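Working notes, beginning with the structure itself.
Per chain, numbering begins at 1; letters A, B, ... match sequence-line order. Not measured: the values here are computed from a predicted model.
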Amino acid sequence: MAMSEYWNPKFEACSKEDLRRLQLTKLKCHVAWAMEKSPFHRRLYEGAGVSADDIKTLDDIGKLPFMDRAKWMKIQADEPPFGDLLTAPREQAIRYHLTSGTSGRQPLRVLDSPKDWQWISECWAYGFWGFGVRPHDTVFFAFSYGSFIGFWGAHYCCEKIGALVIPSGNMTTENRVRQIVEMEVTTVCATPTYAIRLAIEAEKQGLDLVGSAVNKLIVSGEPVVGATKKLLEEKWGAKCADTAGMTEIGTIMMFECSHQPGGAHLIEDHFIEEVLDPETGEPVGYGEIGERVVTSFGRGFIPLIRYRTSDLVKKVPHDTCGCGRNGDIYEGGILGRVDNMLLIRGTNVYPRAIEEIVREYGEIEEFQIHVWNTENLVDEITVRLEFNPSKKDGRSELMTTIAADLKRNHEGLRINVEEAPEGALPRFELKAKRLLDERKK
Amino acid sequence: MSKDLLGNDLTEAETEILAAYENLKKLSARDDLSPCMVSNIRFATAALAQTVTDLGLTYEHLHHLGL
């Protein structure tokens with residue numbers, strides 16, 4: 001029998017109607033489970049006067065109150081270390097992980113049971129299989145294997161698929177690129193930022209990544225804008241797929257398939273992904289940007305139901321892609337964060353939009369967005385650019401061009417551009433932190 | 001004949017997978033097994049739970065079995 005293009009053809013290619021019926025069945029069951037086993041959820045739902053019996057249709061999900069990071073942090077602080085979220089004694093857990101703390105807040109702590117942990121790798125398998133990873137592949141994880149959950153689930157997913165896995169937790173960047181070439185790696189997994197750094201390191205070492213065996217680059221951990229993806233595909237000579245997940249769910253909830261539709265399919269038989277107006281909490285339609293609110297069916301230890309993520313997304317119908325999957329698509333992946341939009345002298349500025357422009361210029365190796373205010377408390381924004389050492393001439397002219405490009409794309413807002421000395425800007429292996437906001441509050 | 005969560009008849013392969021899963025659950029619940037039996041049976045049950053969930057044959061949490 002020929003191998004299916006889908007990991008789970010029964011529910012990745014069924015009708016939307018069947019998919020919605022499956023989601024409804026799981027939702028009712030999961031809410032009942034959460035209410036019975038998790039004191040937090042029982043309190044939350046009793047307070048709102050709802051129960052699983054009130055869920056008759058998928059639209060009834062709107063009756064359930066939101067869960068968010070602030071509530072989670074509070075119950076962790078009130079009753080450390082996990083709060084009263086757990087549905088089982090911690091002795092039943094086999095994994096403990098933490099959020100990365102990107103936003104500088106207290107990390108969230110999560111536990112997984114053996115079944116939860118298997119499910120985490122299962123969702124990754126939807127994505128890796130969908131992008132074409134097969135048993136004959138050699139998969140390299142440029143990942144530190146620490147307390148951040150990152151690619152842990154993807155590692156186990158590749159073992160499940162039957163691919164050869166090469167972990168590289170203890171390797172330097174220099175060693176990693178050598179291993180990738182020497183071991184004839186076909187698939188590399190990293191954050192987009194670190195994948196660029198690996199490519200730059202390969203150039204320094206004179207290693208030919210484009211001519212290497214690498215044909216798939218799978219990125220995760222931070223949003224990847226179109227220009228960055230294009231740059232990665234050029235530098236690696238490989239197709240690049242975006243995936244996105246979060247520690248709070250333990251795994252990915254979306255992946256880019258091998259058809260590369262310019263976005264990522266939702267894994268809708270394991271998640272319900274709502275897109276809501278962040279102000280009103282009301283659903284927005286296809287093609288409109290809103291905040292994603294996730295309900296996960298897989299993690300039993302910590303039920304996650306209607307969790308406000310602060311991620312901005314734009315959902316488009318599944319048939320925007322020709323692969324035949326029924327999972328709707330987040331066009332462009334994660335577009336940004338509700339809470340990282342900058343308001344500079346009355347103009348909205350998204351770090352992602354700046355990255356989209358800067359990454360169009362291959363001569364720029366690294367950048368940083370510095371926001372500050374003058375003595376008169378006027379907001380200023382400066383993009384600091386670090387050039388690739390090979391770019392010797394014409395730097396000043398290029399900075400003028402980039403400044404004009406930034407201004408044109410931000411309603412005429414003046415965005416300062418300055419050169420940073422070689423090696424001055426921080427480099428990242430996990431989530432990049434390129435926004436330096438030093439405004440006096 | 002058993003049905004999946006949407007009320008469809010199970011295929012022959014699905015019927016066998018579900019039976020294997022139910023057998024593993026029964027074994028997981030036993031308290032007279034050696035460590036090598038208990039641990040590996042639980043591991044196998046957690047793995048097969050993914051297949052029966054993916055196929056919509058059942059949907060349940062298994063914390064009562066330590067999973």
Which of B:L55, B:T51, B:L5 touches chain A most, by non-hydrogen pairs under 4.5 Å: B:L55
Segment of A:N8 engaging chain B (4.5 angstrom heavy-atom cut-off): side chain
Over all heavy atoms of both residues, which pair between A:K115 and B:Q50 is shortest? Give the atoms and the distance, please. O-NE2, 3.2 Å
Could you tell me which portion of A:Y126 (side chain, backbone, both or neither) has an atom closer than 4.5 angstrom to a non-hydrogen atom of chain B? side chain
Using the ring pair (Phe, Tyr, Trp, His ring centres under 6.0 Å) rule, take A:Y330 and A:H265 through it: C-alpha gap first, then chi angles, then the decisive distance, then the call. CA-CA 7 Å; A:Y330 280 154; A:H265 287 281; over 10 Å; no
The interface call for A:W117 against chain B, heavy-atom contacts under 4.5 Å, is neither
Using a cut-off of 6.0 Å, state whether more than 12 heavy atoms not belonging to B:F43 lie near its atom CZ. no
Verify ring pair (Phe, Tyr, Trp, His ring centres under 6.0 Å) between B:H61 and A:W119, making sure each step is shown before the conclusion. CA-CA 11 Å; B:H61 296 294; A:W119 170 78; 9.6 Å; no
Excluding sequence neighbours, so at least two apart, what forms salt bridge (Lys or Arg N to Asp or Glu O under 4.0 Å) with A:K160? A:E122
Looking only at A:P114, A:P89, A:S113, most heavy-atom pairs under 4.5 Å shared with chain B are made by A:P114
Less than 4.5 Å to any heavy atom of chain A: does that hold for the side chain of B:D4, its backbone, both, or neither? side chain
Which atoms of A:K10 approach chain B - backbone, side chain, both or neither, heavy atom under 4.5 Å: side chain
Chain A contact via B:T45 - which portion, at a heavy-atom distance below 4.5 Å: neither
Whatever's closer than 4.5 Å to a heavy atom in chain B on A:T87 counts as both
Chain A contacts, top residue of B:N8, B:D54, B:L67 (heavy-atom pairs, under 4.5 Å): B:D54
Shortest non-hydrogen contact from A:L85 to A:M67? CD2-CE, 3.8 Å
Worked check of ring pair (Phe, Tyr, Trp, His ring centres under 6.0 Å) between A:Y145 and A:W152: CA-CA 7 Å; A:Y145 289 85; A:W152 272 108; 5.0 Å; yes
Quick check on A:H30 against chain B: is it the side chain, the backbone, both or neither that has a heavy atom closer than 4.5 Å? both
Side-chain heavy atoms of A:D269 within contact of A:L19, under 4.5 Å: yes
